[in-house]
Amino acid sequence: MFDYQNPALSAERRAADLLARMTLAEKAAQTCMMRGVEYATKPDPRQHCSVEEDTEFDREKLWADFGGDGIGFIHDMYSTPVPFNKIQRYFIEHSRLGIPAIFTGEALHGISGVRGTVFPTPVNFGATFDPELVKEIGAAIGRETRALGMHEILAPNLDVARESRWGRIEETFGEDTYLSSRMAAAIIQGEQKGDISRPDAVIAEPKHYCVHGIAEGGTNCSPARAGRREVESCYLPVFEAGIREGGAYNVMVSYNCVDGDPLMASEWYLKDVLKDRFQLKGYSRSDWGGVGRLKDAHHLVATDKDAVCLAMRNGLDVQGCDYDPTFWKQTVIDLVEEGRLSMERLDDIVTRVLRVKFELGLFDQPYTDERAWEGIIRCEEHRAVSHRAARESLVLLKNDGVLPLKKDLKSVALIGPSSAAQKIGGYSSTPQFPIPSLFDGLKAKLGGDVTVRQCNGCAITYDKKQPRIVDGQPHLYSEGEDEIADEMEEALAIASSCDAVVFVGGDNTITSGEGHDRCELTLNGRQRELIEKLAALGKPLILVVENGKPLDLSRENEVCGAILMAFFGGESGARAIAEALLGEFSPAGRLPLSLPRSSTRIPCYYSMLPGGAPNFLEGPKNALFPFGYGLSYTQFEYSALDVRKTGTFDAVVTCKVKNTGAMDGDEVVQLYLDDTESSVVTPPMLLKGFRRIHLKAGEERTVTFLLDYDSFKLMDIRYRWTVEPGRFRVLVGAGSRDIRLEGEIVL
C-alpha cells in the first residue's frame with residue numbers, strides 16, 4: 001500500500017505522496033473540468049444538463065479525450081447516484097493511479113436538475129434577517145446535493161448588490177456588507193457542516209470573487225469602478241466571512257475587472273488576498289468562459305494559450321468549462337514544457353485539488369449510496385424549511401388597513417400574470433412536481449365560502465422568441481408566459497364583481513436573472529397600466545410582487561391599499577403569501593435592498609457616502625423604501641437603551657422591545673453605528689447588528705448586541721485598519737430610516 005492509499009494518514013501527507021507519483025499529463029488533467037452530459041448516451045430531455053438514471057457513457061469518446069490521465073471535475077450531469085457511480089468507476093479503473101473525480105453542481109437555492117427542493121432565492125434569505133434559518137437551508141441543500149452524488153456546489157453568491165439594474169441581484173443577500181457577511185458564514189456552515197467527508201455535506205464555492213455587484217452601467221460582467229478602500233471595506237469582508245468563518249474551501253473568480261485589474265488574472269486578489277491573507281484551503285476556479293475574456297474582452301493577450309498562461313501563473317487554479325478539456329490539458333502541458341508555467345506552480349494547484357479530494361473521502365469511499373436519496377430529496381423537513389423561509393422573507397411595504405383580508409369577504413379577484421403561475425427565479429431546478437400558485441393556495445384555504453376568481457390580465461413579457469437559456473445554462477426556469485394573452489378588459493370585469501382585488505405580478509426569468517439586466521425598473525409590460533385601472537374601480541387593492549431585483553413602485557404605492565413583496569419564494573412561496581393575506585401570521589421580513597423612487601434615481605443604497613445634494617430637480621434621490629424597511633400586522637415599542645463599554649474596543653448594547661399590538665409577531669431589531677469623527681469619509685450609518693425575535697401580544701424582551709473591534713474599525717487615510725478615538729452614535733430601530741432609540745459611545 002502506498003501512502004496515498006492509507007486512510008490513516010493525513011490528507012496533506014497522502015496528497016504529497018500521490019503528487020510525487022504523477023506524470024505531467026496526470027497533473028494537468030486535475031486542473032480540468034468536463035461536462036458529463038456530453039458523454040452520456042441518454043441525456044435527460046427534461047433538462048439539457050441532466051442525464052437519465054439508466055444512461056451509459058461513450059467509453060470510446062472518454063478514452064479518446066482523457067486516456068488514462070483521469071479528470072479533475074465533472075459538471076452538468078444532474079441525475080441520481082447511479083450515473084455518477086458509473087462514470088466514477090470508469091475513471092478510477094481506467095487511470096494508472098485511480099484518482100476519483102469531483103462532481104460539481106449548481107445549488108444557489110436548491111440543487112439544479114429535476115429533483116431537488118426549490119427553496120426561495122438568496123435575496124429572500126437576506127430578507128429573513130435570520131442567519132439560523134439560512135444555516136438550516138444550507139444544511140438541507142448540502143444534504144440533497146451529496147445524496148444525489150455531487151460533492152461541491154458553485155454557490156453561494158456573495159456579491160454585494162448595489163447596482164439596481166443588474167439582473168443577478170436575486171442571487172445575492174442584498175446591498176449590505178454586514179448582513180451579507182452573516183448570511184455567507186451561516187449558509188456555508190450549513191452546507192459544509194464542518195466536515196466535508198460527511199455523507200450530507202458539500203464543498204461551498206462562493207462567487208463571484210470579489211466585486212461583481214456594482215457592474216458599471218448595470219450590465220453583467222461589466223467593470224467595477226471601485227477604489228481600494230471601498231473594495232476592502234464593502235466587498236472583500238463578505239468573502240472573508242465565507243472563508244474564515246464559514247470555512248469555504250474554494251471560490252469562483254469573477255469575469256470582470258476592478259479598477260482595471262481583471263480578477264481572472266489578478267495576482268493581488270488571487271495570491272496576496274485570497275491565499276496569503278484569507279488562507280484559502282482549496283482552489284480558485286474560473287467562471288464559465290472567464291479565462292477567454294482575458295483575450296476577447298480585456299485585450300491583455302493575443303491567444304487563448306496566452307490567456308491560460310496568464311491566469312494560472314497569476315493565481316487561478318482550475319478551469320470552469322472555459323475550454324474543451326482536451327485543449328486545456330494540452331495547453332497546461334505545453335506551458336510547463338516551454339517553461340512559461342513553472343512545475344512548482346502546477347504542483348501547488350494539484351496539491352490543492354488532491355487535498356480536497358482526500359478531505360472529501362473520495363479515495364476511500366468514491367461511490368454514493370444509490371437508494372438513500374429517495375428518503376432525502378424533498379423530504380418533509382426540507383419542504384418545511386423552504387416554507388418557513390418563504391414566510392419569513394415576506395416584506396410588507398404598505399398597508400392602509402386592507403390586510404389581513406376581511407373575514408366577511410364573499411369574493412376575491414386574483415389578477416395578474418403571476419396569480420396562477422408561481423415564479424421561482426433563476427438558477428432553479430426544472431421541477432417535475434407541481435408548483436402551487438396563489439390561485440391554488442387561496443382556493444384551498446377559503447374553500448367554498450369565498451368565491452375566488454382569477455384572470456392574468458396581461459403578461460410580464462410578450463416576446464415569445466426570447467430565449468429561456470442564457471450562455472447554455474438551464475437555470476432560467478419560466479412557466480406559463482407563452483400562454484398568457486392580453487385579457488385586460490376581462491380582468492377589470494372580474495375585479496369589478498368582487499369585494500377585493502389582489503394583483504400578483506413583478507418579474508420573471510426574462511426581466512430578472514443572469515444576463516437579464518434592465519435600465520427601466522418599473523413593472524414590465526402593461527402591469528402598471530392594469531394596476532392603475534384596477535385602482536380606479538375603488539375596491540380594496542393589494543399588490544403582491546414576486547421580484548428578483550429592486551423595482552420602482554412609486555405609482556403603485558400611490559394607488560394600492562397594500563403592497564406585499566415576496567421576491568421569488570420557491571415551491572412554497574404561494575402558500576406563504578396566502579397565509580399572510582389571510583392573517584395566519586404577521587409578515588416580518590425586511591428589505592435587504594433599497595427600492596428607488598424611480599428608475600433614474602439610482603444608486604440609492606442606504607450606506608452611500610455623504611456629501612452630495614439630497615435632491616434632484618425632480619425630487620428626493622433617496623430610496624422610496626430603504627434598506628431594513630418592513631411593516632407588520634402588530635406594533636412594537638422600543639425602550640430602555642443602555643450602552644456600556646466592556647473593554648478598549650468592546651461594548652454591550654441592550655434595549656427592550658415590547659409587542660404592544662393584538663397579534664403575535666416577529667420583529668427585526670437593527671443596530672447601526674455612525675462614526676461622527678472619522679479621518680476619512682464614512683457612511684452616515686452602517687448596520688452592525690440585528691436580531692429577529694418573536695413576541696406574543698403584550699410580551700416584552702430585552703435584546704442584546706455585542707460590539708467589538710470589527711464593529712468600530714475603518715480603513716484610514718493610509719489604508720490601515722484601525723479604530724480611531726472619538727464618538728460613535730448608537731442607533732437602534734426597525735429599519736435604516738426608522739430609528740427608535742439613540743445613544744453614544746466614546747472610544
Side-chain angles (χ1 to χ4, degrees), residues 35-37 40 42-57 73-92 100-119 136-155 187 190-193 195-205 357 360-362 364-387 424 427-435 474-475 477 570-572:
R35 299 185 68 236
V37 70
K42 296 181 72 175
D44 193 326
R46 298 171 296 181
Q47 191 206 51
H48 79 265
C49 285
S50 295
V51 302
E52 294 195 10
E53 185 172 8
D54 61 345
T55 190
E56 297 296 334
F57 294 92
F73 309 89
I74 302 177
H75 187 30
D76 284 348
M77 205 183 81
Y78 303 102
S79 189
T80 68
V82 174
F84 290 106
N85 287 345
K86 285 180 183 178
I87 199 167
Q88 185 77 283
R89 186 170 287 108
Y90 172 87
F91 276 111
I92 289 175
I102 288 177
F103 296 110
T104 307
E106 302 280 5
L108 269 171
H109 55 116
I111 184 62
S112 189
V114 297
R115 292 176 176 82
T117 304
V118 182
F119 294 91
E136 290 183 43
I137 295 168
I141 291 173
R143 192 176 299 121
E144 292 197 1
T145 301
R146 194 68 174 261
L148 287 173
M150 285 161 278
H151 311 114
E152 71 177 359
I153 58 175
L154 306 179
I187 198 167
E191 289 161 348
Q192 296 193 164
K193 300 177 179 66
D195 178 4
I196 60 172
S197 69
R198 289 175 47 153
D200 60 351
V202 292
I203 297 170
E205 186 170 296
K357 291 186 175 185
L360 279 166
L362 295 187
D364 310 314
Q365 294 181 316
Y367 308 113
T368 302
D369 186 306
E370 295 184 355
R371 297 269 70 93
W373 69 271
E374 295 170 345
I376 295 172
I377 302 302
R378 295 193 69 241
C379 64
E380 183 177 349
E381 177 188 350
H382 294 175
R383 286 184 285 116
V385 171
S386 180
H387 176 229
I424 58 176
Y427 276 90
S428 296
S429 65
T430 306
Q432 303 304 300
F433 49 87
I435 303 289
H475 317 294
Y477 178 84
E571 63 179 76
S572 293

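Just so you know, these numbers use all the heavy atoms, side chains as well, and skip hydrogens, waters and symmetry mates.
How far CG of D44 is from CD of Q432: 7.5 Å, rounded to the nearest 0.5 Å. Separating the CZ atom in R115 from the OG atom in S50 is a distance of 7.5 Å, to the nearest 0.5 Å. Note that CD1 of I102 and CD of Q88 are 9.5 Å apart. Values are rounded to the nearest 0.5 Å. Atom OG of S79 sits about 8.5 Å away from atom CD of E52, to the nearest 0.5 Å. To the nearest 0.5 Å, the span separating CD1 on I153 from CD1 on I187 amounts to 7.0 Å. The CD atom of E374 lies 8.5 Å from the OG1 atom of T80; values are rounded to the nearest 0.5 Å.
Within the 3.5 Å criterion, the main-chain N or O of V114 finds no donor-acceptor partner in the side chain of Q47. Remark: the backbone N or O of R198 is not paired with any side-chain donor or acceptor of K193 at under 3.5 angstrom. K42 places no side-chain N or O within 3.5 Å of a backbone atom of D54 that could act as its donor or acceptor partner. Within the 3.5 Å criterion, the main-chain N or O of I196 finds a donor-acceptor partner in the side chain of R146. Remark: the backbone N or O of T368 is paired with a side-chain donor or acceptor of N85 at under 3.5 angstrom. Within the 3.5 Å criterion, the main-chain N or O of I424 finds a donor-acceptor partner in the side chain of S428.
At most 12 heavy atoms of other shown residues, nucleotides or ligands fall within 6.0 angstrom of atom CD in E380.
Heavy atoms only, all atoms of each residue included: A40 and P43 are closest at O-CD, 3.9 Å. The two residues I377 and G116 make their nearest non-hydrogen contact at CG2-CA, 3.9 Å. The shortest non-hydrogen separation linking Q192 to A201 is O-CB, 3.3 Å. Between P81 and A147 the shortest heavy-atom distance is CG-O, 3.2 Å. Annotation for S429 and V118: closest pair OG-CG2, 3.5 Å, computed over non-hydrogen atoms. Between M77 and V37, the shortest heavy-atom distance links the atoms CG-N, 4.3 Å.
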I111/Y78 under side-chain contact (heavy atoms from CB on, under 4.5 Å): CA gap, chis, key distance, verdict:
CA-CA 9 Å; I111 184 62; Y78 303 102; 4.0 Å; yes
Which is it for F103 and L362 under the side-chain contact (heavy atoms from CB on, under 4.5 Å) test, yes or no, and what are the steps along the way?
CA-CA 11 Å; F103 296 110; L362 295 187; over 6 Å; no
Check step by step if side-chain contact (heavy atoms from CB on, under 4.5 Å) holds for H151 and V202.
CA-CA 5 Å; H151 311 114; V202 292; 5.9 Å; no
Please report the C-alpha distance between Y367 and I92 in whole Å, then the side-chain angles of each, then the deciding distance to 0.1 Å, and finally whether the side-chain contact (heavy atoms from CB on, under 4.5 Å) criterion is met.
CA-CA 11 Å; Y367 308 113; I92 289 175; 3.7 Å; yes
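Under the 30°/60° scheme for interplanar angles, the aromatic rings of F119 and H382 are found to be tilted.
Taking the charged nitrogens against the carboxylate oxygens, R371 and E53 do have a contact shorter than 4.0 Å, which makes a salt bridge.
Looking only at side-chain heavy atoms (C-beta outward), L154 and H75 come within less than 4.5 Å of each other. The shortest distance between side-chain heavy atoms of S386 and E571 falls below 4.5 Å.
Side-chain polar atoms of T117 and E144 form a donor-acceptor pair below 3.5 angstrom.
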